[in-house]
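The next block holds one structure in the form of structure tokens; read it before the comments.
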Amino acid sequence: MGSKGALKRYQMVLRGIRNAKGNRCECCCGYAHYEHHIIPVSETSIASELVFDPANIMLLCDGCHALMHPLIRNIRAWMGPRKRRGLALNG
């Protein structure tokens, strides 16, 4: 399956999950902005059937998604100092 076909399939899976779960966060029942793979795509590869498996996908709000990925919460906090340090090191 080509990348366009895979994307279309993924979008259909997500639409089904959002419809079935009322587009609500599965942790706190807030509005879901993200889909989260329980077994990460980085571990399975984008070509894995787990990418499309509804049992491997959770709907999460911003806050609950940040709890699943602790570094995400701090990206803005460390990007500024990192950029300034890079500029200082590069003159």
Side-chain angles (χ1 to χ4, degrees):
M1 177 183 309
S3 62
K4 284 186 182 181
L7 178 60
K8 195 170 206 170
R9 179 180 172 199
Y10 186 67
Q11 289 170 336
M12 285 179 22
V13 168
L14 287 181
R15 196 171 18 257
I17 292 169
R18 289 185 183 281
N19 287 338
K21 299 190 181 197
N23 209 28
R24 292 294 192 199
C25 175
E26 293 183 53
C27 293
C28 73
C29 297
Y31 180 75
H33 293 280
Y34 296 99
E35 62 274 353
H36 173 80
H37 286 88
I38 298 164
I39 300 172
V41 175
S42 61
E43 290 181 21
T44 64
S45 91
I46 197 72
S48 170
E49 281 300 308
L50 278 174
V51 171
F52 305 102
D53 186 349
N56 189 41
I57 301 171
M58 292 178 70
L59 297 179
L60 298 173
C61 68
D62 293 333
C64 293
H65 192 239
L67 291 173
M68 295 290 182
H69 300 281
L71 183 60
I72 288 174
R73 262 186 296 179
N74 298 320
I75 284 177
R76 286 193 182 100
W78 64 263
M79 281 303 284
R82 179 178 173 214
K83 189 174 186 178
R84 285 191 299 276
R85 182 173 180 151
L87 290 173
L89 290 173
N90 293 322

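Residue numbers count from 1 along this sequence. Predicted, not measured: the structure shown is a model, and the values here were computed from it.
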Measure the CD-OG1 distance between Glu49 and Thr44 for me, rounded to the nearest 0.5 Å. 10.5 Å

With no hydrogens and no angle check, is any side-chain donor or acceptor of Asn23 less than 3.5 Å from a backbone partner on Arg18? no

Other ILVMFWY residues reachable from Tyr34 by side-chain steps of under 4.5 Å: none

His37: partners by ring pair (Phe, Tyr, Trp, His ring centres under 6.0 Å), with sequence neighbours left out: Tyr10

Atom CG in Leu14, atom CG in Leu59: separation rounded to 0.5 Å? 7.5 Å

Using the ring of Phe52 (Phe, Tyr or Trp, six-membered ring only), decide whether Arg9 places NZ or CZ under 6.0 Å from its centre and within 45 degrees of its axis. yes

When you group the ILVMFWY residues by side-chain heavy-atom contacts below 4.5 Å and let the links chain together, are Val51 and Met12 in the same group? no

Straight-line distance of Cys61 SG to Glu26 CD, nearest 0.5 Å: 11.0 Å

Side chains of Cys27 and Leu60 in contact at under 4.5 Å (non-hydrogen atoms): yes

Can you tell me how far apart NE2 (His36) and NE2 (His65) are? Round to the nearest 0.5 Å. 6.0 Å

Could you check whether any side-chain heavy atom of Ile57 comes within less than 4.5 Å of a side-chain heavy atom of Ile38, counting everything from C-beta outward? no

